[in-house]
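Down below is the structure, laid out as structure tokens.
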Amino acid sequence: MITMDDIIRDGHPTLRKTAEEVIMPPSEEDKQILNSLLDYVINSQNNEVAEKYGLRPGIGLAAPQINVSKRMIAVHVTGDRDELYSYALFNPRIISHSVEKAYLKSGEGCLSVDESFPGYVPRYARVTVKGFNADGEEVKIRLKGLPAICFQHEIDHLNGIMFYDHIDKVNPFKPLDGAIEIE
Ligand SMILES: O=CN(O)C[C@@H](CC1CCCC1)C(=O)N1NCCC[C@H]1C(=O)Nc1ccccn1
Ligand code: NI
């Protein structure tokens with residue numbers, strides 16, 4: 001199972017690389033890696049397991065964070081109206097997005113970043129994502145709210161982008177006109 005010892009930290013070159021496409025249909029090894037990412041996210045949200053293994057809670061995880069430079073992400077997060085978004089995807093890509101932006105009022109963190117970088121991280125308010133599930137089937141997902149923010153954070157990891165790259169350096173809390181503030 002993935003623990004914090006497997007999660008590489010800011011400064012490790014892999015976090016700044018563009019991850020490689022995964023060949024479909026996925027190999028058994030790639031399936032195992034994909035499932036281990038989702039297992040981490042689910043385990044990290046289980047207080048007993050997280051306590052026992054010292055897992056920092058996360059709502060998403062990308063393969064580059066465990067030093068695997070391949071296009072794989074896992075997300076396990078509850079949206080508004082309490083629907084659960086639980087996905088482990090190969091080769092996820094944003095195929096369309098809103099003009100409207102959104103951001104987390106509390107800013108963002110990252111399991112690969114130990115220090116805090118306060119500030120608003122502007123993202124698209126709504127995205128449509130396509131990818132392949134563990135069985136190699138194509139899936140298409142429409143997202144808004146926290147799930148949309150999470151998927152964008154994870155897909156950024158596949159392109160060597162860290163959340164703080166998006167924060168305004170002059171005024172980190174510059175009001176983002178017209179953007180939706182997500183609590
Ligand atoms: O690449 C993946 N990561 O780095 C794990 C990150 C991914 C999220 C950061 C912002 C959007 C996606 C993660 O989950 N966190 N970052 C470190 C602090 C804890 C945790 C977090 O933000 N939790 C959370 C946020 C909102 C509501 C509930 N829980
Ligand atoms: Ni992250």
Checklist outcome for this item: residues 65-77 vs salt bridge (Lys or Arg N to Asp or Glu O under 4.0 Å), sequence neighbours excluded, gives Asp30-Lys70
Checklist entry - Does a sphere of radius 6.0 Å around NZ in Lys169 hold more than 12 heavy atoms from other residues, nucleotides or ligands, not counting ones at 6.0 Å or beyond? => result yes
Next on the checklist: The test is side chain to side chain donor-acceptor pair (under 3.5 Å); show your working for Thr18 and Asn159 and say whether it passes.
Outcome noted: CA-CA 4 Å; Thr18 298; Asn159 298 319; 5.1 Å; no
Item to check | Ile59 and its side-chain contact (heavy atoms from CB on, under 4.5 Å) partner, picked from Val75, Thr78, Leu146 | outcome: Leu146
Item to check | Lys31 NZ to Glu28 CD distance, which is reported to the nearest 0.5 Å | outcome: 4.0 Å
Item to check | Phe151 and Tyr87 aromatic ring geometry - parallel, tilted or perpendicular at 30°/60° bounds | outcome: perpendicular
Checklist entry - With no hydrogens and no angle check, is any side-chain donor or acceptor of Asn35 less than 3.5 Å from a backbone partner on Gln32? => result no
Checklist entry - Which heavy-atom pair separates Ala148 from Ala125 by the least distance, and what is that distance? => result CB-O, 3.8 Å
Item to check | Test salt bridge (Lys or Arg N to Asp or Glu O under 4.0 Å) applied to Lys101 and Asp177, step by step | outcome: CA-CA 9 Å; Lys101 297 285 176 59; Asp177 292 339; over 6 Å; no
Next on the checklist: Are the side chains of His166 and Ile161 in contact, using a 4.5 Å heavy-atom criterion?
Outcome noted: yes
Checklist outcome for this item: CD1 of Ile2 to CG of Leu55, rounded to nearest 0.5 Å, is 10.0 Å
Item to check | Non-hydrogen atoms of Glu100 and Ser98 that approach each other most closely | outcome: O-OG, 2.8 Å
Checklist entry - Under the side chain to side chain donor-acceptor pair (under 3.5 Å) criterion, do His76 and Gln45 qualify, and how do the steps go? => result CA-CA 9 Å; His76 191 79; Gln45 294 177 27; 4.5 Å; no
Item to check | Arg81 side chain to Gly79 backbone, donor-acceptor under 3.5 Å | outcome: no
Next on the checklist: Is it the case that over 12 heavy atoms from other parts of the model lie below 6.0 angstrom from the CG atom of Asp165?
Outcome noted: yes
Item to check | ILVMFWY network linking Ile155 to Ile141, side-chain heavy atoms under 4.5 angstrom | outcome: yes
Checklist outcome for this item: For Ala50 and Ser44 the tightest heavy-atom approach is CB-O, 3.6 Å
Item to check | Arg142 atom CZ, neighbour heavy-atom count above 12 within 6.0 Å | outcome: no
Checklist entry - Does CD1 belonging to Ile95 count more than 12 external heavy atoms closer than 6.0 Å? => result yes
Checklist entry - How would you list all residue pairs meeting ring-ring contact (aromatic ring centres under 6.0 Å, His included) that involve residues 100-133, not counting sequence neighbours? => result His97-Tyr124, Tyr103-Tyr120, Phe117-Tyr164, Tyr120-Phe173
Checklist entry - Is the number of heavy atoms from other residues, nucleotides or ligands under 6.0 Å of Glu29 CD greater than 12? => result no
Item to check | Ile7 and Arg9, any side-chain heavy atoms less than 4.5 Å apart | outcome: yes
Next on the checklist: Going by the rule ring pair (Phe, Tyr, Trp, His ring centres under 6.0 Å), which residues pair with Tyr53 if we only count those two or more places apart in sequence or in a different chain?
Outcome noted: none
Item to check | Intermediate values then yes/no, side chain to side chain contact (heavy atoms under 4.5 Å, CB included), Ile66 and Ile33 | outcome: CA-CA 10 Å; Ile66 58 167; Ile33 296 167; 4.2 Å; yes
Item to check | Arg93 with Glu138: basic N within carboxylate O range, under 4.0 Å | outcome: yes
Item to check | Closest non-hydrogen atom pair, Ala74 against Val41 | outcome: O-CG2, 4.3 Å
Next on the checklist: Would you say that Met24 contacts Val22 through its side chain, given a criterion of any heavy-atom pair below 4.5 Å between the two side chains?
Outcome noted: yes
Next on the checklist: I want to check something: taking the side chain as every heavy atom from C-beta on, are Pro64 and Arg16 in contact at a cut-off of under 4.5 Å?
Outcome noted: no
Item to check | Single-linkage hydrophobic cluster Tyr40~Met72, side-chain heavy atoms < 4.5 angstrom | outcome: yes
Checklist entry - Between CZ of Arg123 and CG of Leu104, what distance do you get to the nearest 0.5 Å? => result 8.0 Å
Checklist entry - Do Leu37 and Met1 share a hydrophobic cluster, counting only Ile, Leu, Val, Met, Phe, Trp and Tyr and linking them when any side-chain heavy atoms are less than 4.5 Å apart? => result yes
Next on the checklist: Does Glu115, at its CD atom, have more than 12 non-hydrogen atoms belonging to other residues, nucleotides or ligands within less than 6.0 Å?
Outcome noted: yes
Next on the checklist: If we ignore hydrogens and angles and just use 3.5 Å, is the side chain of Asp168 paired with the main-chain N or O of Lys174 as donor and acceptor?
Outcome noted: no
Checklist outcome for this item: One should read off an interatomic distance between Lys140 NZ and Thr128 OG1, to the nearest 0.5 angstrom, of 6.5 Å
Checklist entry - Can you hop from Leu158 to Val127 via hydrophobic side chains spaced under 4.5 Å? => result yes
Next on the checklist: Test your reading of the model: is there a side-chain donor-acceptor pair from Arg126 to the backbone of Lys144, 3.5 Å cut-off?
Outcome noted: no
Item to check | Spacing of CD1 belonging to Ile182 relative to NZ belonging to Lys105, to within rounding of 0.5 Å | outcome: 12.5 Å
Next on the checklist: Distance check, rounded to the nearest 0.5 Å: Glu108 atom CD versus Ser116 atom OG?
Outcome noted: 13.5 Å
Item to check | Test item: Asp10 and Asp114 side chains (from C-beta on) under 4.5 Å apart, heavy atoms | outcome: no
Next on the checklist: Checking side-chain polar atoms at under 3.5 Å, does Asn67 have a donor or acceptor matched by the opposite partner on Thr14?
Outcome noted: yes
Checklist entry - Linking I/L/V/M/F/W/Y whenever any side-chain heavy atoms sit under 4.5 Å apart, do Ile149 and Val129 land together? => result yes
Next on the checklist: Set out, in order, the CA-CA distance, both residues' side-chain angles and the distance that settles side chain to side chain contact (heavy atoms under 4.5 Å, CB included) for Phe163 and Asp156, then state yes or no.
Outcome noted: CA-CA 8 Å; Phe163 74 92; Asp156 267 357; over 6 Å; no
Item to check | Exam field: side chain Glu137 to backbone Asn133, donor-acceptor pair closer than 3.5 Å | outcome: no
Next on the checklist: Just so I know, are the side chains of Ser86 and Leu38 near enough to count as touching, which here means a heavy-atom distance under 4.5 Å?
Outcome noted: yes
Checklist entry - Is the number of heavy atoms from other residues, nucleotides or ligands within 6.0 Å of CD (Glu83) greater than 12? => result yes
Next on the checklist: Surrounding CD of Glu20 (heavy atoms of other residues, nucleotides or ligands, distance under 6.0 Å), is the total greater than 12?
Outcome noted: no
Checklist entry - Step by step, would you call Leu15 with Ile8 a side chain to side chain contact (heavy atoms under 4.5 Å, CB included)? => result CA-CA 8 Å; Leu15 288 171; Ile8 60 173; 3.8 Å; yes
Item to check | Heavy-atom pair with the smallest gap, counting every atom of Pro26 and Gly136 | outcome: CD-CA, 3.9 Å
Next on the checklist: Using the rule given for side chain to side chain contact (heavy atoms under 4.5 Å, CB included), can you reason through Cys110 versus His153, listing the C-alpha separation, both sets of side-chain angles and the distance that settles it, and then say yes or no?
Outcome noted: CA-CA 9 Å; Cys110 182; His153 178 112; 3.9 Å; yes
Next on the checklist: Between Val113 and Met162, is there a side-chain heavy-atom distance shorter than 4.5 Å?
Outcome noted: yes
Next on the checklist: Between Gln152 and Ile94, is there a side-chain heavy-atom distance shorter than 4.5 Å?
Outcome noted: yes
Next on the checklist: Could you report the tightest heavy-atom contact between Leu111 and Met4, atom names first, then the distance?
Outcome noted: O-CE, 4.3 Å
Item to check | Heavy-atom donor-acceptor pair, Ser112 side chain to Gln65 backbone, under 3.5 Å | outcome: no
